[in-house]
Asks: 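Quick one: the structure is below, and I'll ask about it shortly.
Just so it is clear, the model here is predicted, and its values are computed rather than measured. Sequence lines set the chain letters: A, B, ... in the order given, protein chains first and strands last, and positions in each chain run from 1.
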Protein chains: 2
Amino acid sequence: MSLEYAILGFLNYKPLSGYDLKRIFDTSVQHFWPADQSQIYRTLTRLTERGWAEMEIVEQSDRPDRKVYHITAAGREALHRWLLTPPHPHIPRNADLIQVFFAGQLSDDEIVAIFERAAERVRGVLKLYERIPQQVEAYREYMESPREFFCWMLTLEAGFKSAQANLNWLEDVIRRIKNGEMPER
Amino acid sequence: MSLEYAILGFLNYKPLSGYDLKRIFDTSVQHFWPADQSQIYRTLTRLTERGWAEMEIVEQSDRPDRKVYHITAAGREALHRWLLTPPHPHIPRNADLIQVFFAGQLSDDEIVAIFERAAERVRGVLKLYERIPQQVEAYREYMESPREFFCWMLTLEAGFKSAQANLNWLEDVIRRIKNGEMPER
DNA sequence: GGATATTATAGGATTAGTCATATATAATAT
DNA sequence: ATATTATATATGACTAATCCTATAATATCC
């Protein structure tokens with residue numbers, strides 16, 4: 001389960017609470033690894049049980065106490081092993097495409113509408129990506145070196161290029177349908 | 001759950017058994033909607049309970065009897081409604097990228113190896129895509145019209161373009177790292 | 001003769017992920 | 001005064017998906 005290793009990866013920068021982690025996920029890897037709050041807390045418990053992380057309660061007077069987790073030596077080893085292990089091939093499901101696959105029974109206008117709304121969504125994603133570099137600046141402190149920051153930026157680049165390619169394709173298909181390339185029913 | 005609608009979409013072409021469906025999924029939409037055999041059978045049961053499909057036992061002397069499912073009027077309506085409904089936005093998880101994100105602690109060679117193996121995998125996917133058009137020919141009978149066939153081909157195109165864009169990016173990153181663009185540790 | 005593959009359906013167990021909700025305090029906005 | 005937001009953790013219920021195994025007949029390969 002990659003969420004375990006993603007959390008381990010962040011704890012490797014510095015000790016963090018579940019709450020910290022949620023904010024970090026939401027501002028850094030959310031475009032390719034969203035994490036549910038409840039899943040983060042449950043995974044932290046599991047990491048502790050497995051000896052890959054240790055928990056320390058930090059008392060606060062004004063707010064609820066924090067449970068701060070830090071990575072152990074065993075955790076660091078596990079993280080390193082995982083980094084060198086190729087992930088199992090996994091085919092992500094694409095709900096837009098499964099609709100396109102069966103869209104033939106719709107009218108031309110209805111089909112174009114499916115593509116238009118998909119294109120609109122990708123444009124929204126692209127806009128979000130444009131905002132990430134600024135958000136990332138705020139978290140640059142977590143990065144020990146420019147090397148780690150470079151890797152971070154690479155994942156952004158990947159998302160951006162993939163969304164851009166997807167949008168180009170969607171716009172091309174819309175153009176072709178409007179150009180009469182979709183066969184009659 | 002889109003698998004329900006994907007099955008309904010195929011049943012809309014002609015009545016099929018769970019076994020037929022498994023083969024069809026594996027040769028047409030497997031690159032963006034893989035379906036597990038046991039999931040198909042369970043979903044067929046659910047569709048029947050819901051009145052979207054009806055089952056008929058076709059006895060066979062030499063082989064186990066087939067349970068052939070056909071779509072009902074209610075099923076056709078549900079399929080059409082779904083086609084006009086935008087899917088919930090869903091962010092697919094990308095295990096390659098989450099590794100890249102934390103790859104900064106590895107050596108340059110180890111990082112290049114991660115990208116090389118990702119590129120190798122995408123090249124394999126691209127090769128699989130090249131074989132799909134022939135496989136599809138065998139199932140062309142399911143398509144009532146060239147319109148449906150066109151939609152089928154569009155999904156292939158999407159997968160191909162996306163894989164191609166991804167490979168271009170991976171090869172560009174490999175080139176840049178070998179060019180010394182990855183900062184020192 | 002024995003092993004494996006094909007046709008055909010099905011259920012148990014488990015995991016990953018989602019959604020909703022609960023609890024508690026303090027600060028801020030309207 | 002009231003509502004909302006932020007900080008902080010946690011559990012219950014559920015769905016989708018995966019993996020493994022079982023069953024049963026026939027056909028084919030070595």
Asks: Starting at CG of B:Leu44 and ending at C1' of C:dT9, how long is that distance when rounded to a whole Å?
Replies: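 That distance rounds to 11 Å.
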Asks: In this structure, how many angstroms lie between the P atom of C:dT15 and the CD atom of A:Glu4, rounded?
Replies: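 Result: 11 Å.
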Asks: What is the distance, to the nearest angstrom, from the CZ atom on A:Arg50 to the C1' atom on C:dT15?
Replies: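 Interatomic distance, CZ of A:Arg50 to C1' of C:dT15: 12 Å.
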Asks: Is a side-chain N or O of A:Ser17 found less than 3.5 angstrom from the main chain of A:Val68, in a donor-acceptor match?
Replies: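 It does not hold such a pair.
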Asks: How would you list, by chain and number, every residue that makes a side chain to side chain contact (heavy atoms under 4.5 Å, CB included) with A:Arg42, sequence neighbours excluded?
Replies: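 With sequence neighbours excluded, A:Arg42 shows a side chain to side chain contact (heavy atoms under 4.5 Å, CB included) to A:Ser38, given in chain and number order.
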Asks: Using atom OH of A:Tyr41 as one end and atom P of C:dG17 as the other, report the distance to the nearest whole Å.
Replies: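 Taking OH of A:Tyr41 and P of C:dG17, I get 18 Å after rounding.
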Asks: In a check of ring-ring contact (aromatic ring centres under 6.0 Å, His included) between B:Phe25 and each of B:Tyr19, B:Phe10, B:Trp33, B:Phe32, which one passes?
Replies: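 Single ring-ring contact (aromatic ring centres under 6.0 Å, His included) partner of B:Phe25 among B:Tyr19, B:Phe10, B:Trp33, B:Phe32: B:Phe10.
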Asks: Taking only N/O atoms, report every protein-nucleotides 3-6 of chain C pair under 3.5 Å with atom names and distance.
Replies:
none

Asks: How long is the line joining CD1 of A:Ile40 and P of D:dT11, in whole Å?
Replies: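 After rounding, the gap between these two atoms is 15 Å.
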Asks: Hey, does A:Ser17 reach any base, or is it just sugar-phosphate, or nothing, if we go heavy atoms under 4.0 Å?
Replies: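 Sugar-phosphate, backbone atoms only, no base.
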Asks: Find the distance A:Glu59:CD to C:dT25:C1' and express it as a whole number of Å.
Replies: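 One finds 15 Å between C1' of C:dT25 and CD of A:Glu59, rounded.
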Asks: If a pair satisfies salt bridge (charged side-chain N to carboxylate O under 4.0 Å, His left out) and one of its residues is in residues 2-11 of chain A, list it, with sequence neighbours excluded.
Replies: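 Passing the test, one end in residues 2-11 of chain A: A:Glu4-A:Arg46, A:Glu4-A:Arg50.
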Asks: Please list, pair by pair, any protein nitrogen or oxygen found under 3.5 Å from a nitrogen or oxygen in nucleotides 18-22 of chain C.
Replies:
from, atom 1, to, atom 2, distance (Å)
C:dT18, OP2, B:Arg93, NH2, 2.9
C:dT18, O4, A:Arg42, NH2, 3.4
C:dC19, N4, A:Ser38, OG, 2.9

Asks: For the rings on B:Trp152 and A:Phe102, is their centre-to-centre separation under 6.0 Å?
Replies: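 Ring centroids of B:Trp152 and A:Phe102 are no less than 6.0 Å from each other.
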Asks: Taking atom CG of B:Leu16 and atom CD1 of B:Ile24, what is their separation to the nearest 0.5 Å?
Replies: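 Interatomic distance, B:Leu16 CG to B:Ile24 CD1, rounded to 0.5 Å: 4.5 Å.
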Asks: Between B:Trp169 and A:Phe160, is the ring centroid distance below 6.0 Å?
Replies: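 No, too far apart.
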Asks: Checking B:Arg23 against B:Asp26 for the salt bridge (charged side-chain N to carboxylate O under 4.0 Å, His left out) test, could you report, in this order, the C-alpha distance in whole Å, the side-chain angles of both residues, the deciding distance, and whether it holds?
Replies: CA-CA 5 Å; B:Arg23 270 183 311 165; B:Asp26 285 352; over 6 Å; no
Asks: Grab the CG-C1' distance between B:Leu21 and C:dT7 for me, whole Å please.
Replies: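 In whole Å, C:dT7 C1' and B:Leu21 CG are 15 Å from each other.
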Asks: Please indicate whether B:Lys22 has more than 12 foreign heavy atoms, meaning atoms of other residues, nucleotides or ligands, lying under 6.0 Å from its NZ.
Replies: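 Yes, enclosed.
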Asks: Check every atom of D:dA8, C:dG17, C:dA8 against the side chain of A:Leu3 and return the nucleotide holding the closest atom.
Replies: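 The listed nucleotide nearest to A:Leu3's side chain is C:dG17.
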Asks: Sort and list the pairs that fulfil side chain to side chain donor-acceptor pair (under 3.5 Å) and have at least one residue in residues 78-98 of chain B, not counting sequence neighbours.
Replies: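 The answer is B:Asp96-B:Arg121.
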Asks: Any idea which of C:dT9, D:dT9, C:dG17 is nearest the A:Met1 side chain?
Replies: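 Among the listed nucleotides, the one closest to the side chain of A:Met1 is C:dG17.
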Asks: Rounded to the nearest Å, what distance is computed from the CD atom of residue B:Gln60 to the C1' atom of nucleotide C:dA8?
Replies: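 Taking atom C1' of C:dA8 as the reference, CD of B:Gln60 is at 8 Å.
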Asks: Under the side-chain contact (heavy atoms from CB on, under 4.5 Å) criterion, do B:Arg176 and B:Glu171 qualify, and how do the steps go?
Replies: CA-CA 9 Å; B:Arg176 281 152 60 196; B:Glu171 287 176 343; over 6 Å; no
Asks: Take the C1' atoms of the five end pairs on each side of the helix from C:dG1-D:dC30 to C:dT30-D:dA1, derive the two axes, and give their angle rounded to 10 degrees.
Replies: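 Answer rounded to 10°: the end axes differ by 30°.
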